[in-house]
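Beneath this line is the structure, given in structure tokens, with notes to follow.
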Amino acid sequence: MFSEEVLKNVFPLLEGEDLASCMGVCKQWRDIARDDFYWKCQCAKKWPSVCKRHKPPTETYYKMYQTFSKRRLNRALPPPRLSFENLEFFIDIWSEERLVFSGLIPGVALENGIETLPLGISNVLRTHLGRPDYKMVVPAEPRFTIPLNQSVSVSVLVARNDSDKVARIINRSVFDYIDRSSYRALAFEYLDLSPCYPFISGIRAWISLLFMDVEDMNDDGLLDVFGIQLDFNDVADTKVEVLWLLDMLDWK
């Protein structure tokens, strides 16, 4: 056992993490290390100005150090207030002014995705759909084609069955990028969030048309679309994050 005087001389010289570890050695060390003087020394290293007060800004310097010394990363979100069971998505797609797809998609269908991928899709697209990042995918039923030489646009609304409210996700955005190497046509729209979140902006909703592998793809050809993907991977990578983001929309 070290004498109490030795410990009292050593503890002020330690870094905060080491001092916290000392508290787990034995009862003697824990009782000594609890002295708020040592934690005032730690706070003085990180925030010298806080020690200009005659008492700590929080209850104790120990509490202040434990609370603010490290940035909290990957904090768990509380359970979302929305569920896919209470959501419906309205997806409409036009080629020029001709409606080529109009679907009322239950939220659970987007949540469950495509159970069996069709034969004839590229390995690149198969790998993309198998990645762990959260994406909502639904089969295009009925299947449809889009011409490469025409402008194709999309609108997406979402409705809540529990409150009879609707929010806009995408408003007639154009699929202006066709990634022929990954067999996807992509469009995006910046989300309209509730005025309750005035300092949050620039979050995009992405929608992709997934099309079949073709041997000869020219500018006058047609893309055979078998699936539709919706995601918010700029900021939301899990189901819980997606539901919280949907909850933040400007529901009307």
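Not measured: the values here are computed from a predicted model.
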Open item on the list: Just to verify, which of Trp206, Tyr177, Phe232 counts as forming a ring-ring contact (aromatic ring centres under 6.0 Å, His included) with Phe188?
Closed with: Trp206
Open item on the list: Hydrophobic cluster membership, with links at side-chain heavy-atom distances under 4.5 Å among I/L/V/M/F/W/Y: are Phe37 and Val10 in one?
Closed with: yes
Open item on the list: Give me the atom names and distance for the closest heavy-atom approach of Leu14 to Gln42.
Closed with: O-NE2, 2.6 Å
- [ ] Decide whether Tyr197 and Trp251 are clustered together by the hydrophobic rule: side chain heavy atoms of Ile, Leu, Val, Met, Phe, Trp, Tyr closer than 4.5 Å, transitively.
- [x] yes
Only pairs under 3.5 Å count here: list side-chain donor-acceptor contacts from residues 241-248, not counting sequence neighbours, and write none if there are none.
from: Glu241; atom 1: OE1; to: Asp237; atom 2: N; distance (Å): 2.6
from: Glu241; atom 1: OE1; to: Thr238; atom 2: N; distance (Å): 3.3
from: Trp244; atom 1: NE1; to: Pro78; atom 2: O; distance (Å): 2.8
from: Asp247; atom 1: OD2; to: Arg81; atom 2: NE; distance (Å): 2.9
from: Asp247; atom 1: OD2; to: Arg81; atom 2: NH2; distance (Å): 2.5

Open item on the list: Can you tell me how far apart CG (Leu104) and CD (Glu88) are? Round to the nearest 0.5 Å.
Closed with: 5.0 Å
Open item on the list: A side-chain contact here means heavy atoms from C-beta on lying under 4.5 Å apart; do Leu210 and Leu129 qualify?
Closed with: yes
TODO: With rounding to the nearest 0.5 Å, note down the distance linking CG in Asn171 to CG in Asp192.
DONE: 8.5 Å
- [ ] State, with a plain yes or no, whether a side-chain heavy atom of Leu125 is found less than 4.5 Å away from one of Phe226.
- [x] yes
Open item on the list: Working to the nearest 0.5 angstrom, can you tell me the gap between Leu110 CG and Asp231 CG?
Closed with: 11.0 Å
Open item on the list: Just so I know, are the side chains of Arg34 and Arg30 near enough to count as touching, which here means a heavy-atom distance under 4.5 Å?
Closed with: yes
TODO: Mind checking the CG-CG spacing from Leu148 to Leu222? Nearest 0.5 Å is all I need.
DONE: 7.5 Å
Task: Check against side-chain contact (heavy atoms from CB on, under 4.5 Å), Arg160 and Asn86 - done: CA-CA 6 Å; Arg160 296 176 57 163; Asn86 292 328; 5.9 Å; no
Open item on the list: Check this for me: Leu13, atom CG, are more than 12 non-hydrogen atoms of other residues, nucleotides or ligands nearer than 6.0 Å?
Closed with: yes
Open item on the list: Taking Leu87 as the starting point, is it possible to reach Leu157 by hopping between hydrophobic residues whose side chains are less than 4.5 Å apart?
Closed with: no
Task: Any pair counted as ring-ring contact (aromatic ring centres under 6.0 Å, His included), so long as it reaches residues 82-129, sequence neighbours left out - done: Phe101-Phe144
Task: More than 12 heavy atoms from other groups under 6.0 Å of NZ on Lys63 - done: no
Open item on the list: Assigning hydrophobic clusters by single linkage (Ile, Leu, Val, Met, Phe, Trp, Tyr; side-chain heavy-atom cutoff under 4.5 Å), is Val25 placed with Leu7?
Closed with: yes
Task: Taking every non-hydrogen atom, the tightest pair across Val50 and Cys43 - done: CG2-CB, 4.2 Å
Open item on the list: For the CZ atom of Arg168 and the CD atom of Glu189, what is their distance to the nearest 0.5 Å?
Closed with: 6.5 Å
Task: Check ion pair Glu97-Arg172 (N to O, under 4.0 angstrom) - done: yes
TODO: Could you please spell out the steps behind the side-chain contact (heavy atoms from CB on, under 4.5 Å) verdict for Ile32 and Tyr38?
DONE: CA-CA 9 Å; Ile32 297 173; Tyr38 305 121; 3.9 Å; yes
Task: Shared hydrophobic cluster for Ile207 and Leu186 (ILVMFWY, side-chain gaps under 4.5 Å) - done: no
- [ ] Give a yes or no on this: more than 12 heavy atoms of other residues, nucleotides or ligands lie within 6.0 Å of atom CD of Glu17.
- [x] no
Open item on the list: Quick check on Glu96: does its CD atom have over 12 non-hydrogen neighbours (other residues, nucleotides or ligands) under 6.0 Å away?
Closed with: yes
Open item on the list: Does this structure show an ion pair linking Asp31 with Lys27, if we count only N-O contacts that are shorter than 4.0 Å?
Closed with: yes
Open item on the list: One pair to check against side-chain contact (heavy atoms from CB on, under 4.5 Å): Ile93 and Val225. What are the steps and the verdict?
Closed with: CA-CA 12 Å; Ile93 300 172; Val225 178; over 6 Å; no
Task: Side chain to side chain, Ile203 and Leu193, heavy atoms closer than 4.5 Å - done: yes
TODO: Can you sort out the partners of Tyr62 under ring-ring contact (aromatic ring centres under 6.0 Å, His included), two or more places apart, ordered by chain and number?
DONE: Trp39
Open item on the list: Restricting to non-hydrogen atoms, name the atom on Ala159 and the atom on Val166 that form the minimum distance, rounded to 0.1 Å.
Closed with: CB-CG2, 4.1 Å
Open item on the list: Within a 6.0 Å radius of atom CG on Asn123, are there more than 12 heavy atoms belonging to other residues, nucleotides or ligands?
Closed with: no
Open item on the list: Testing the basics here: between Ala33 and Leu19, what is the closest heavy-atom pair and its distance to 0.1 Å?
Closed with: CB-CD1, 4.0 Å
Task: Approximate separation, where rounding is to 0.5 Å, of Asp35 CG and Lys40 NZ - done: 11.0 Å
- [ ] State, with a plain yes or no, whether a side-chain heavy atom of Ser208 is found less than 4.5 Å away from one of Arg184.
- [x] yes
Task: Sub-4.5 Å side-chain heavy-atom contact between Glu111 and Tyr134 - done: yes
- [ ] Identify the two heavy atoms, one from Gly16 and one from Tyr65, that lie closest to each other, and give their separation to 0.1 Å.
- [x] CA-OH, 3.2 Å
- [ ] Check Pro57 against Met64 and note the closest heavy-atom contact, atom names and distance.
- [x] CD-SD, 3.8 Å
Open item on the list: So Arg131 and Asn233, do their side chains get closer than 4.5 Å, heavy atoms only?
Closed with: no
Task: Close side-chain approach of Tyr183 to Ile121, heavy-atom, < 4.5 Å - done: no
